[in-house]
Colleague: 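Once you've had a glance at the structure underneath, I'll fire off some questions.
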Amino acid sequence: MKYLVRDKIFAIGDDYWIEDENGRPAFLVDGKALRLRDTLELKDTDGRVLVTLREKLLSLRDAMTIERDERPLATVRRRRLSLLRNHYRVTLVDGTELDVSGRILDREFAVEYDGELLAHISRRWLRVRDTYAVDVVREDADAALLIAVAVCVIRMAEREG
């Protein structure tokens, strides 16, 4: 399933619908203003919070956390030893690690688990300006989590770059 995400909507205080490939609303992004750190909530069409993205404070390396039901679900960090391409590591609370690599700022990258593609993020085939697609490859994958991972790594790469 492909989801279309507008690039410039992830400003704090902004709300925006992420649409599925058929143009139907799939997730609501709720940017929380007046917080000490960046906070975004990804909600379903009924307004239930699926995941919360937060900038991690007091961290030696730039990091963001993804929470579900107000409990940590994953931490996203840039990998230290990556010379040619952007690499990020997503560590879930159960110890599972996802690898994110590619040209993050160009919106051309992949999310993998143990060498298996979970999602491909691309703007290559889209004509809508400032929009990229999150193509969730596996049907049993957590689409909200993969969209949250894409948003986190893009925000972190933009801060670094």
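Residues take their numbers from the sequence shown, with the count starting at 1.
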Colleague: Heavy-atom distance under 4.5 Å between the side chains of Pro72 and Thr65, does that happen here?
Modeller: no
Colleague: Can you find a pair of side-chain heavy atoms, one from Arg78 and one from His87, that are under 4.5 Å apart?
Modeller: no
Colleague: Is Glu116 salt-bridged to Arg138, cutoff N-O under 4.0 Å?
Modeller: yes
Colleague: So, taking the atom named CG in Asp106 and the one named CZ in Arg123, what distance separates them when rounded to the nearest 0.5 Å?
Modeller: 7.5 Å
Colleague: Quick one: does Leu42's side chain get under 4.5 Å of Ile147's, heavy atoms only?
Modeller: yes
Colleague: With a 4.5 Å limit on heavy-atom distance, are the side chains of Thr75 and Arg77 in contact?
Modeller: yes
Colleague: With a 4.0 Å cut-off, would you call Arg79 and Asp99 a salt bridge?
Modeller: yes
Colleague: Are Val151 and Val49 connected in the hydrophobic side-chain network, where two residues link if heavy atoms are under 4.5 Å apart?
Modeller: no
Colleague: Looking at side-chain heavy atoms only, is the closest gap between Leu40 and Thr52 below 4.5 Å?
Modeller: no
Colleague: Would you say Leu146 and Tyr132 are hydrophobically clustered, going by side-chain heavy atoms of ILVMFWY under 4.5 Å?
Modeller: yes
Colleague: If we only count heavy atoms from C-beta on, is the Val137 to Glu112 side-chain gap below 4.5 Å?
Modeller: no
Colleague: Among all residues two or more places apart in sequence or in another chain, which pass the ring pair (Phe, Tyr, Trp, His ring centres under 6.0 Å) test with Phe27?
Modeller: Tyr3
Colleague: Hey, does Val90 have a side-chain heavy atom less than 4.5 Å from the side chain of Glu97?
Modeller: no
Colleague: Please list, chain by chain and in numerical order, all residues satisfying salt bridge (charged side-chain N to carboxylate O under 4.0 Å, His left out) with Arg48, sequence neighbours excluded.
Modeller: Asp44, Asp46
